[in-house]
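Read the structure below first, then the notes.
Every number for a ligand or one of its atoms is a count from 1 in the order of the listing. Just so we're clear, the structure is a prediction, and the values are computed from it rather than from any experiment.
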Amino acid sequence: METPVSFDYAPAPESRAVVSIKPKYGHFIGGKFVAGSKHFPTINPATEEVLSQIALAGKADVDAAVKAARKAYTTTWSKMSGKERGKYLFRIARIMQERSREFAVLETLDNGKPIRESRDVDVPLAAAHFFYHAGWADKLEFAGLGTSTKPHGVAGQIIPWNFPLLMLAWKVAPALAAGNTVVLKPAENTSLTALLFAEVCQQAELPAGVVNIVTGDGSTGALIVNHPGIDKIAFTGSTEVGKIIARAVAPTHKSVTLELGGKAANIIFEDAAIDEAIEGIVNGVFFNQGHVCCAGSRLILQESVAEEVVEKLKKRMAKIRVGDPMDKNTDLGAINSKEQLLKIRDLSATGDTEGAERWSAPCDLPTKGFWFPPTIFTGVTQSHRIAREEIFGPVLSVLTFRTPQEGIDKANNTPFGLSAGIWSEKGSRILWASQQLRAGVIWANTFNKFDPTSPFGGYKESGWGREGGRHGLSAYLKGVGHE
Ligand code: ADP
């Protein structure tokens, strides 16, 4: 018998020479970098190397940022024509493209995601958001949102660590296009690309105070949320913090959008193209280490194809290359933090104790840094915690169904409703299923596809409002629909 030939991948590390990381950072307020008082370390989760010291903004810093944003709003930005605002957005987009390698390397070092993803997904999509919204800046009255819309004023924006630069773009681009100024806080684990973006604002000669970036943890976020000088809050993060924010802004004049958690169903009907579906399942839950609010973390399989899908999936998962995020061949990088790794381990352990069957792809995990192998649980029932709670890691829970209606019922049996996937060769089934599913974004025969023109957001505990497209733009305007 012939021995099968196998090819190994030679190391293909990306160079980090393109970035220069300062030992310590301050905040970006009123167009200038200002020193912080207290600092905390930010680390590379793949190596645990301390990359830099990040400033922790307190009340005085947040006050200064809000004041700078208000001044820029009243004296410059609200007076400028949409056409002029658009030019700045175009300029920012082009500089992001020019410096894309720097952004990609920095994102991977600070976040742990594979360079292939930061290079091919995060950074190009972030630039695309600025290009798209640059186009809206002088056409707001033609957006179908009414002709007497106005910006809110100062927007306070709080973002998570899973797509640091991309979430910044989702927040800043529509806010600026609509005529608002912003105070943005990146997540405490991943501030570096936001601080590099501040340099881009300087390079683009954006008027001082239009974008302000303060770094810090949840305490800084709370100062922004509760600041009386802020008119609109935009938040992406956990449902838990989203609820705190909703309570805090309820008795105020502030407008709010929340993009929260998910537990998306990826439904495979028996007539699906199985090999394509396998790729979609892998992309659905292992993209970005599963640190994706719309990850397809519940695989809902029609019983007649369940065995075949699970077998093929395991084979495919065994080929996922886990390791150095800076290597261009890596598929699955590091878990973003020790806390997140512990959360994934704890929730996975409940899968074992509640009776599901765990299978992890065989792989050698690095000894330093935070790692979790691609894992699936079969025999999961709807009452298991791994079927109900967001795991935010490379872990897939597999459930089965007999009739299409049972599949839909299982998919909808969740407090969330951010996204869903349907795999079927039958157009009528796709249309039927997408009408039954209670999810903001539904993909058919694909998964995790994003575009600035397409609104993104959820039902139920997945949040309020939409980001992207005309719908996302409307969240940054008041008087929408009122003539
Ligand atoms: P995750 O579970 O993804 O870490 P969090 O909701 O804890 O999500 O964090 C998302 C963002 O919200 C981060 O920038 C974090 O610093 C910020 N944050 C955490 N707690 C609060 C709070 N109470 N108020 C405002 N922002 C907060």
Side-chain angles (χ1 to χ4, degrees), residues 27 36 38-43 45 54-59 61-62 65-66 110-113 155-172 182-195 197 212-228 230 232-250 252 254 256-263 288-295 297 334-347 370 389-393 416 418 458 461-464 467:
H27 308 291
K38 285 191 202 154
H39 288 81
F40 59 91
T42 189
I43 64 166
I54 302 297
L56 177 72
K59 190 170 178 311
D61 305 301
V62 173
V66 174
D110 202 17
N111 171 282
K113 65 174 69 203
Q157 308 184 312
I158 298 160
I159 56 173
W161 46 260
N162 58 341
F163 292 95
L165 182 70
L166 184 57
M167 290 301 106
L168 174 150
W170 280 29
K171 297 280 179 286
V172 175
V182 310
V183 175
L184 175 124
K185 188 195 86 65
E188 48 271 47
N189 298 337
T190 53
S191 304
L192 293 180
T193 46
L195 293 163
F197 177 79
N212 303 275
I213 294 173
V214 289
T215 51
D217 59 12
S219 65
T220 309
L223 286 169
I224 295 176
V225 169
N226 294 305
H227 200 290
I230 283 180
K232 188 224 155 44
I233 295 291
F235 171 78
T236 298
S238 60
T239 297
E240 194 191 340
V241 174
K243 287 182 182 174
I244 297 174
I245 294 177
R247 276 188 220 109
V249 300
T252 72
K254 289 169 200 163
V256 65
T257 41
L258 303 170
E259 201 263 273
L260 310 176
K263 191 76 191 174
N288 202 35
Q289 295 70 248
H291 300 329
V292 185
C293 45
C294 55
S297 56
I335 299 302
N336 179 256
S337 66
K338 193 170 185 179
E339 298 76 60
Q340 189 56 30
L341 179 59
L342 295 178
K343 275 190 202 164
I344 298 169
R345 281 192 187 146
D346 285 353
L347 198 48
F370 316 123
E389 296 175 29
E390 187 174 39
I391 198 157
F392 227 63
F416 299 108
L418 192 53
E461 292 194 15
S462 289
W464 295 345
E467 295 188 284

Between [X] and [Y], is any pair of side-chain heavy atoms under 4.5 Å apart?
X      : Y      : result
Glu467 : Thr257 : no
Ile158 : Thr220 : no
Glu259 : Leu418 : yes
Trp170 : Thr236 : no
Thr42  : Ser191 : no
Ser297 : Glu390 : no

Which segment of [X] sits under 4.0 Å of ligand 1 when only heavy atoms are counted:
X      : answer
Thr220 : neither
Glu188 : side chain
Asp217 : backbone

Report, in ascending order of atom number, the atoms of ligand 1 lying under 4.0 Å from any heavy atom of [X].
X      : answer
Ala187 : 14 (O)
Lys185 : 13 (C), 14 (O), 15 (C), 16 (O)
Gly221 : 24 (N), 25 (C), 26 (N)

* Pairing residues for Phe163 by the ring-ring contact (aromatic ring centres under 6.0 Å, His included) criterion, not counting sequence neighbours -> Phe287

Please report which non-hydrogen protein atom sits nearest to [atom], along with the residue it belongs to and the distance in Å to one decimal place.
atom                    : value
atom 24 (N) of ligand 1 : Ala222 N, 3.5 Å
atom 3 (O) of ligand 1  : Trp161 NE1, 3.5 Å
atom 6 (O) of ligand 1  : Ser238 OG, 2.7 Å
atom 17 (C) of ligand 1 : Ile158 CG2, 3.6 Å
atom 13 (C) of ligand 1 : Ile159 O, 3.5 Å
atom 18 (N) of ligand 1 : Gly218 CA, 3.6 Å
atom 12 (O) of ligand 1 : Phe235 CE1, 3.2 Å
atom 21 (C) of ligand 1 : Val241 CG1, 3.4 Å

* Measuring from Lys185:NZ to Ile213:CD1, what's the distance to the nearest 0.5 Å? -> 12.0 Å

* What distance do Lys59 atom NZ and Leu223 atom CG have between them, rounded to the nearest 0.5 Å? -> 8.0 Å

* Asked: Does ligand 1 have an atom that lies less than 4.0 angstrom from a heavy atom of Phe392?
  -> no

* Answer yes or no for atom 26 (N) of ligand 1: protein heavy atom present at a distance under 4.0 Å? => yes

* Give a yes-or-no answer on whether the side chains of Thr193 and Asp110 include a donor-acceptor pair shorter than 3.5 Å. => no

